[in-house]
Novice: 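First the structure, then my questions, so here it is.
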Amino acid sequence: MSRSVRLACAMITKNAGPRFAQVLESVNWVDEIVILDSGSTDTTLELAEQAGARVFHSSDWPGFGPQRQRAQEHVTADWILWLDTDEVVTPQLRTSIEAVLADPDPQLAYRVNRLSDFFGRFIRRSGWYPDAVVRLHARESYRYNDAMVHEAVAAPKEKVRALKGDLLHYTSDDFQGYMGKSLNYATAWAQARHAKGKRTSVAGIVGSSLWCFIRKYLLQLGCLEGRHGLLLALQSSHYVFNKYFALWVMQNRR
């Protein structure tokens with residue numbers, strides 16, 4: 001299917017992980033791959049260069065939203081497809097993207113459904129699916145917000161349309177990496193809340209963690225995902241515990 005506009009795939013990287021080669025292979029059909037790296041010491045840069053990516057470097061870390069804004073400044077194509085380094089574009093999603101770009105409307109942005117793997121099982125319950133995120137838009141129309149973590153493309157809801165096909169999200173190929181990322185997200189969340197003057201208590205820590213487990217395992221039917229659903233609920237509650245515990249530590253630091 002022919003396109004009337006050029007498409008870039010943009011990513012921010014630092015030690016991209018074991019799926020990176022597969023991720024790059026899944027977008028070998030785009031016109032431009034733009035990588036903004038913040039200090040990789042593994043094979044990330046080598047793999048990116050082998051894939052023909054345009055690689056740029058950042059000496060500091062301003063947060064996820066601002067870093068994506070920086071990456072967008074290096075894009076020259078008309079439209080941008082955003083990916084994380086553990087996300088693989090499926091053939092159906094590619095077909096859907098190509099159809100949009102055959103007759104593009106720059107005022108629209110497009111969301112994709114992420115199907116996430118949790119240590120060997122794709123999870124369709126537990127609140128993990130469809131996990132819709134805006135990832136495709138015209139370069140001149142939209143950009144990411146300033147959020148330090150859990151950033152999002154700042155597009156009005158009425159301008160967002162859905163794409164067919166899933167984005168395969170391999171969250172957990174490496175246990176140490178997975179837990180490290182979870183702790184980093186929890187710390188960033190606590191820092192942002194603390195900066196806004198938010199506070200918590202021991203009761204708040206325990207209550208939020210317990211409620212997370214009940215929601216994931218029972219209300220969102222994680223119990224139907226077998227042992228993976230149970231472990232996911234436990235790990236999620238542990239993540240919530242870390243968030244609020246970190247906030248409590250910050251507010252009580254002398």
Novice: Just by distance, do the side chain of E87 and the backbone of T171 share a donor-acceptor pair under 3.5 Å?
Specialist: no
Novice: Applying side chain to side chain contact (heavy atoms under 4.5 Å, CB included), can you list everything that pairs with P130, at least two apart in sequence or on another chain?
Specialist: N113
Novice: Side-chain donor-acceptor pair under 3.5 Å between N184 and T187, yes or no?
Specialist: no
Novice: Any link between W128 and V134 through a network of hydrophobic side chains (Ile, Leu, Val, Met, Phe, Trp, Tyr) touching at under 4.5 Å?
Specialist: no
Novice: Between R124 and Y129, is NZ or CZ placed under 6.0 angstrom from the six-membered ring centre and within 45° of the ring axis?
Specialist: yes
Novice: Please report the C-alpha distance between R135 and D84 in whole Å, then the side-chain angles of each, then the deciding distance to 0.1 Å, and finally whether the salt bridge (Lys or Arg N to Asp or Glu O under 4.0 Å) criterion is met.
Specialist: CA-CA 10 Å; R135 290 298 182 82; D84 291 341; 3.6 Å; yes
Novice: Does a donor on one side chain sit under 3.5 Å from an acceptor on the other, for E73 and Q69?
Specialist: no
Novice: Would you call R114 and D166 a salt bridge, taking side-chain N to carboxylate O under 4.0 Å as the test?
Specialist: no
Novice: I want to check something: taking the side chain as every heavy atom from C-beta on, are Y110 and V100 in contact at a cut-off of under 4.5 Å?
Specialist: yes
Novice: Answer yes if the side chains of T76 and E32 hold a donor-acceptor pair under 3.5 Å, and no otherwise.
Specialist: yes
Novice: So that I can tick it off, tell me whether D174 and K181 are bridged by a salt bridge, with the cut-off set at under 4.0 angstrom between side-chain N and carboxylate O.
Specialist: no
Novice: Would you please indicate yes or no on a ring centroid separation below 6.0 angstrom for F64 and Y185?
Specialist: yes
Novice: Strictly under 6.0 Å, is that where the ring centroids of Y244 and W189 end up?
Specialist: yes
Novice: Quick one: which of L7, I97, I33 gives a side chain to side chain contact (heavy atoms under 4.5 Å, CB included) with V27?
Specialist: I33
Novice: So does H238 have more than 12 non-hydrogen atoms from other groups sitting under 6.0 Å from NE2?
Specialist: no
Novice: Looking at R125 and E225, what are the two nearest heavy atoms and their distance?
Specialist: N-OE2, 3.1 Å
Novice: When you check the side-chain N and O atoms of D117 and S172, is any donor under 3.5 Å from an acceptor?
Specialist: yes
Novice: If the condition is side chain to side chain contact (heavy atoms under 4.5 Å, CB included), which residues does Q220 pass it with, not counting sequence neighbours?
Specialist: R215, K216
Novice: Got more than 12 heavy atoms from elsewhere within 6.0 Å of CG, D103?
Specialist: no
Novice: Taking Q235 for the side chain and L232 for the main chain, is one N or O donor matched with an acceptor at less than 3.5 Å?
Specialist: no
Novice: How far apart are the C-alpha atoms of F213 and F241, what are their side-chain angles, what is the distance that settles it, and do they pass the ring-ring contact (aromatic ring centres under 6.0 Å, His included) test?
Specialist: CA-CA 11 Å; F213 178 84; F241 174 87; over 10 Å; no
Novice: Start with the C-alpha gap between R3 and D31, add the side-chain angles, then the distance that decides, and say whether salt bridge (Lys or Arg N to Asp or Glu O under 4.0 Å) holds.
Specialist: CA-CA 11 Å; R3 287 192 255 115; D31 301 292; 2.5 Å; yes
Novice: Using side-chain heavy atoms (C-beta onward) and a distance below 4.5 Å, is V153 in contact with H137?
Specialist: yes
Novice: Does the separation of the ring centres of Y144 and W82 fall below 6.0 angstrom?
Specialist: yes
Novice: Quick one: does T95's side chain have a donor or acceptor within less than 3.5 Å of a partner on P91's backbone?
Specialist: yes
Novice: Examine the side chains of T85 and R19 and answer whether a donor and an acceptor come within less than 3.5 Å of each other.
Specialist: no
Novice: Given the rule that I, L, V, M, F, W and Y join up when any side-chain heavy atoms are under 4.5 Å apart, are L115 and V133 in one cluster?
Specialist: yes
Novice: Show the nearest heavy-atom pair for residues A16 and T44, with the distance to one decimal.
Specialist: N-OG1, 2.7 Å
